[in-house]
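Atoms within a ligand are numbered from 1 in the order they appear, just like the ligands themselves.
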Amino acid sequence: MLHNHKPSQNQFDVIIIGAGASGLYCALTAGRRGRRVLVLDHANKAGKKILMSGGGRCNFTNYFVEPEHFIGANEHFCKSALSRYPSWEFIAMVEQHKIAYHEREHGQLFCDESAQDIVTMLLDECAAVGVQVRLNTQIDNIAVNEGDENKRFIVTTTKKLSKKELTADANKQNPTQTIYNSESLVVATGGLSIPTMGASGLGYELAQQFGHQLLTTDPSLVPFTFTDKTGELLRALSGISLPVVASNTRKSFKLPLLFTHRGLSGPAMLQLSNYWQTGETIEINLLPDSDVTALLLDFKKSHPKQLIRTVLAENTGNQLPKKLLAALQATLWDEVKDTELANIKDERLIQIGQAINGWQLKPSGTEGYRTAEVTRGGVNTDEVSSKTMESKLQNGLYFIGEVLDVTGWLGGYNFQWAWASGFVCGEVV
Ligand code: FDA
């Protein structure tokens, strides 16, 4: 029974659900304007995804942020917030807090020490302006009372007790329900990836409760998986990495590829996954700096006694690791592996060249939300203001961060979206 205790009343200007990247940034922005802000989260720690990001060093933004680095059904939606909150604003805060950072390739910025520095910075900034953060808080219900604007939102919560607390005091088996009121409600609950880190579908449920349309959600920035023969081949190459051009009909990325025991990963695959639809074939150019067909046909004329593997091993700048070359040979030209070039038909050499410069693979799927960095799709941005992130369907309701249908590329773009959308919202709530 939950009814033994009378719920207490707590009044705030702004309640933010989710103490993650966007929620904390929105909170400190609103707090600086003198707003009374409460952040609620069901997890036992704030910013869990920040802590695990960038291999523990948090790729917190990127020097080069352009709308092209984001996907979503409405490609224009992200523009306003990104231009009002450029990456140097966040960099300035990082510098103010004396957090050492460095640039990696493609303008990506990482902490020198630990992602914890970013979480500490955000929580310190929140504390400095009186933001209250309550963790271990389950959201039971959200209701609207349009009669009183100051108390428009009624948020019913239950404190989640740890096992220790439950056993320490038997009375606590009936946890206290607390009701909070606020003028504005911000949904900053993120996406579905890594459920063990606190991800839940609450943001999507709330969106639907208020009549918002959801666009199909899918795991993204995620490795591809393969079954059957291809799966076996890739598994055997696990651990090999090389620079490739990975493409589908819409997008192309020149980045490293990594073979894993589950399939294909590495930046090239993660980036392409943002643009991949189930059932689609992907193309991998394993030797992007060589025209393999031209090379084989030339060598057929100039060195007719050579074998395909020798030409590829000696004339492609050591780009193909030996093990990969052997696997390609077994898969693509096994029947002519010991045949001199002179005795291989031009058409066959052209086929082999095309296969290496455009290896066609059909992923069976992706590793899913268990390892995906982000969730693609989400709250339809047509029903949200791009200037303030306010719902067009419910006054005082806002959506920020990953719960919206805005997904960034790999490289610090998803955090930049979280900061930028949190900022523009924090300016008005
Ligand atoms: P975020 O996930 O940060 O926060 C949501 C919060 O809501 C969480 O604290 C959660 O507990 C809370 N919540 C959820 N459901 C709730 C419920 N029912 N009740 C109460 N609270 C609830 N991006 C990037 O730019 N650079 C990087 O280096 C990385 N690296 C990276 C690594 C890994 C492993 C992952 C999984 C993700 C990344 N990302 C990233 C992506 C980045 O972490 C992500 O896009 C942002 O954290 C999104 O910010 P949000 O505030 O929208 O959600």
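The residues Asp13 and Arg33 are annotated as not salt-bridged, no charged nitrogen and carboxylate oxygen being separated by less than 4.0 angstrom.
For the residues His42, Arg134, Glu373, the heavy atom positioned nearest atom 41 (C) of ligand 1 is part of Glu373. Scanning Glu402, Arg57, Lys49 for the heavy atom closest to atom 45 (O) of ligand 1 points to Glu402.
Heavy-atom contacts from other residues, nucleotides or ligands closer than 6.0 Å to NZ of Lys392 number more than 12. The local environment of CD in Glu113 is sparse, with at most 12 non-hydrogen atoms from other residues, nucleotides or ligands closer than 6.0 Å.
Interface of Ala19 with ligand 1, defined as ligand atoms under 4.0 Å from a residue heavy atom, comprises 9 (O). Of all the atoms in ligand 1, the ones that sit under 4.0 Å from a non-hydrogen atom of Ile194 are 36 (C).
The proximity of Ala188 to ligand 1, defined as any non-hydrogen pair under 4.0 Å, is limited to the backbone. At a heavy-atom distance under 4.0 Å, atoms from both the backbone and the side chain of Asp41 approach ligand 1.
The protein heavy-atom contact nearest to atom 15 (N) of ligand 1 is Ser200 OG, 2.7 Å.
A side chain to side chain donor-acceptor pair (under 3.5 Å) check over residues 414-429, counting only residues at least two apart or in different chains, returns the pairs Thr61-Gln416.
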Side chains of residues 228-244: which donor-acceptor pairs under 3.5 Å do they make with residues two or more places apart or in other chains?
unit_1, atom_1, unit_2, atom_2, d
Ser238, OG, His261, N, 3.3
Ser241, OG, Leu257, O, 3.3

